[in-house]
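One structure is given here, and the rest of the page talks about it.
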Amino acid sequence: ELSGFKSNTDQQEGFWNAIRRQINTHDLDDTERLCAIALIKRLFPHMIEEATGARFSDEQRFWPSTAFLAAVPWLKQVDQNSEWKNKAQIHLQQALQCGYSESERHAASAVAIPWATADGPIWFSSAIRRDEPGGTGTNKERKPVVEQLLKSLCNASKDPRSAAEQTKAPVPYYALLLMDGDDMGRLGQTLGEPGKLSECLGDFSSKVEGVVREQDGRTIYAGGDDVMAILPAANVLDAAETLRSEYQNAFALKNVSAEAATISAAIVYAHWKYPLRLVLQTAHQLLDNVAKDQTGRDSIAIASIFGSGLNAVWSVPWDVYHGTIADGKSQSVALTSILHRFESADLENAVDPPFNASFLYLLRERFGGLLNDVRDQPGLYAKFAPDDDTKTSDLLLDLAHSEYRRRMKDKARQQTDREITKERIEELMSLSRRWTRRSHGEGQRVIQCERNTFSFDGWRIARLIKQIQDGKVNDND
């Protein structure tokens with residue numbers, strides 16, 4: 001620690017307050033006490049011009065907070081309606097008067113909502129209740145301020161486009177995306193000349209920034225076959241798919257097939273308050289250990305992190321994600337094509353009941369009674385004996401199918417063929433099985449479905465993505 005004073009003393013506090021007064025308040029948190037090296041790294045972007053004559057661009061110096069990034073899709077909706085935008089701007093001005101700052105000025109301009117300049121947390125009730133600007137005041141002194149801000153946020157969250165001005169708050173999640181090319185040594189041998197590999201990777205890298213920017217994200221790095229970016233949660237899947245296509249297109253120019261030029265991805269959905277350091281750590285483990293090693297490369301691995309930590313991990317080969325693979329009795333289903341079934345509404349006796357929370361919870365309870373080894377831990381699968389896989393998997397399917405039909409309206413149940421509803425449940429069950437890509441003969445890799453496995457994580461991930469798309473994720477983390 002740089003000051004040399006004992007911890008939690010007036011001398012140490014005075015030392016860091018003096019530094020804080022000379023710099024941007026967002027560069028040094030009230031609770032931070034850094035060593036010399038850490039402080040140099042923290043302030044280097046501000047001093048580089050004086051030290052070397054070079055200068056970081058504003059975009060390089062000013063990064064969006066994770067809270068702002070999470071709020072971007074909602075803010076863009078607000079921006080499209082003048083009445084809604086006016087209410088949001090009133091809330092923003094009140095937040096500035098109550099001690100919040102305009103830390104998102106550059107980030108807001110980058111995503112074409114230049115008026116949304118205030119600190120990202122002002123758009124979330126949980127942050128306002130925590131009242132960071134009032135850290136030096138008493139709860140009694142700041143209580144009226146907090147209550148007024150909560151009131152103005154509530155008003156700003158009422159969607160004037162709906163008949164009853166329903167509350168529509170921003171989703172409190174953002175996404176971290178990691179991507180890495182597979183089997184680069186083999187790919188280099190396929191191309192023959194080392195220069196060709198560099199050309200392909202250079203072509204791909206040049207496209208990354210544009211793709212991420214199009215989805216309102218920020219590229220942390222893009223070099224060779226590696227990508228790291230942060231994006232709004234609702235946009236990350238499109239970004240990952242587009243980047244995969246750009247990677248394969250770059251190699252197609254050198255006559256390398258899409259089957260040979262593959263890239264794996266890891267996506268972590270995280271609450272904006274969760275430590276970014278731990279999100280990064282999770283993403284690297286997800287890419288290296290899950291997408292590549294466990295699933296077998298050319299795969300996508302998705303995880304969700306709530307306030308309590310890792311909640312779910314689901315990983316499949318890209319072809320399974322797109323629903324283009326069948327393995328015996330198991331047919332993969334495209335994740336995006338089944339999301340509409342994970343409607344959050346509780347629709348008992350519906351014509352076409354959704355895979356909502358109550359339905360999934362009931363199956364979790366029923367399946368738990370059948371599977372002694374139901375490993376309800378992120379990334380782990382229950383596994384029953386291979387010689388019993390057909391019997392047990394069919395039993396789980398039949399149980400889920402029966403419960404699904406029980407939830408239908410009587411008339412719809414009578415008029416809808418059982419094979420049709422069974423197909424819907426088979427799609428649901430495909431998300432619960434382990435799919436991997438394994439070596440099969442010399443130079444061949446085959447996708448396999450392990451029907452004797454079961455996990456709830458695929459359902460959890462699908463439901464979260466649906467909630468994010470619909471803007472129905474509560475800020476209660």
Side-chain angles (χ1 to χ4, degrees), residues 59 63-66 68-77 107 110-113 170-182 201 203-251 258 261-272 276 279-280 282-284 286-287 290-292 298-305 314-322 334-337 339 461-462 464-471 473:
E59 185 172 313
W63 280 73
S65 67
T66 53
F68 180 80
L69 205 62
V72 163
W74 179 82
L75 289 168
K76 288 198 140 186
Q77 288 185 48
V111 293
I113 42 176
V171 169
Y173 286 83
Y174 72 99
L176 179 72
L177 171 65
L178 276 183
M179 301 187 77
D180 181 51
D182 302 315
L201 295 178
D203 182 48
F204 168 66
S205 294
S206 69
K207 304 291 179 54
V208 173
E209 175 65 22
V211 171
V212 174
R213 179 75 64 186
E214 182 69 22
Q215 299 296 337
D216 293 328
R218 291 291 290 272
T219 303
I220 298 174
Y221 65 71
D225 60 322
D226 294 322
V227 174
M228 178 188 286
I230 51 175
L231 301 104
N235 302 354
V236 67
L237 290 175
D238 286 345
E241 290 206 64
T242 303
L243 287 173
R244 178 176 182 254
S245 295
E246 292 291 0
Y247 185 83
Q248 294 176 331
N249 290 341
F251 283 92
T262 64
I263 189 169
S264 294
I267 293 171
V268 179
Y269 293 101
H271 193 281
W272 66 265
L276 181 58
V279 177
L280 285 167
T282 301
H284 282 290
L286 193 66
L287 180 64
V290 180
K292 287 180 174 284
D298 193 16
S299 302
I300 178 172
I302 305 174
S304 59
I305 295 179
W314 181 71
S315 180
V316 292
W318 275 107
D319 288 338
V320 175
Y321 174 86
H322 289 127
L335 180 64
T336 53
S337 72
L339 287 180
I461 293 295
L464 175 63
I465 294 173
K466 173 61 174 172
Q467 289 176 313
I468 288 171
Q469 289 183 350
D470 293 346
V473 184

Option among Gln248, Met179, Glu246 that satisfies the side chain to side chain contact (heavy atoms under 4.5 Å, CB included) test with Ile263:
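Checked Gln248, Met179, Glu246 against Ile263; only one passes side chain to side chain contact (heavy atoms under 4.5 Å, CB included): Met179.
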Of Leu231, Val279, Thr66, which is the lone residue that meets side chain to side chain contact (heavy atoms under 4.5 Å, CB included) with Leu176?
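Output: one option passes, namely Val279.
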Is any side-chain heavy atom of [X] closer than 4.5 Å to a side-chain heavy atom of [Y]?
X: Ser304; Y: Ile461; value: yes
X: Tyr174; Y: Val72; value: no
X: Leu178; Y: His284; value: yes
X: Gln215; Y: Val236; value: no

Could you go through the side chain to side chain contact (heavy atoms under 4.5 Å, CB included) check for Leu201 and Phe251 one step at a time?
CA-CA 8 Å; Leu201 295 178; Phe251 283 92; 3.9 Å; yes
Nearest-0.5 Å distance that lies between atom CD in Glu214 and atom NZ in Lys207
14.0 Å
Separation of Ser65 OG from Leu276 CG (nearest 0.5 Å):
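Output value for this atom pair is 11.0 Å.
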Report the C-alpha distance between Leu339 and Gln469 in whole Å, list the side-chain angles of each, state the deciding distance to 0.1 Å, and finish with yes or no for side chain to side chain contact (heavy atoms under 4.5 Å, CB included).
CA-CA 9 Å; Leu339 287 180; Gln469 289 183 350; 3.6 Å; yes
Salt bridge flag under 4.0 Å for residues Asp298 and Lys292:
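The answer is no: the pair does not qualify as a salt bridge.
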Side chain Ser205, main chain Gly224, donor-acceptor under 3.5 Å:
yes
Sorted by chain and number, sequence neighbours left out, ring pair (Phe, Tyr, Trp, His ring centres under 6.0 Å) with Tyr321 holds for Trp318
If a pair satisfies side chain to side chain donor-acceptor pair (under 3.5 Å) and one of its residues is in residues 224-242, list it, with sequence neighbours excluded.
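Side chain to side chain donor-acceptor pair (under 3.5 Å) check on residues 224-242 returns Glu241-His322.
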Taking the ring centre of each residue, are Tyr173 and Tyr269 less than 6.0 Å apart?
no
With distance as the sole criterion, is a donor-acceptor pair present between the side chains of Ser264 and Asp180 under 3.5 Å?
no
Closest heavy-atom pair, Ala265 versus Leu177, reported as atoms and distance to 0.1 Å, is CB-CD1, 4.4 Å
What is the minimum heavy-atom distance between Ala107 and Pro64, and which atoms define it?
CB-CB, 3.6 Å
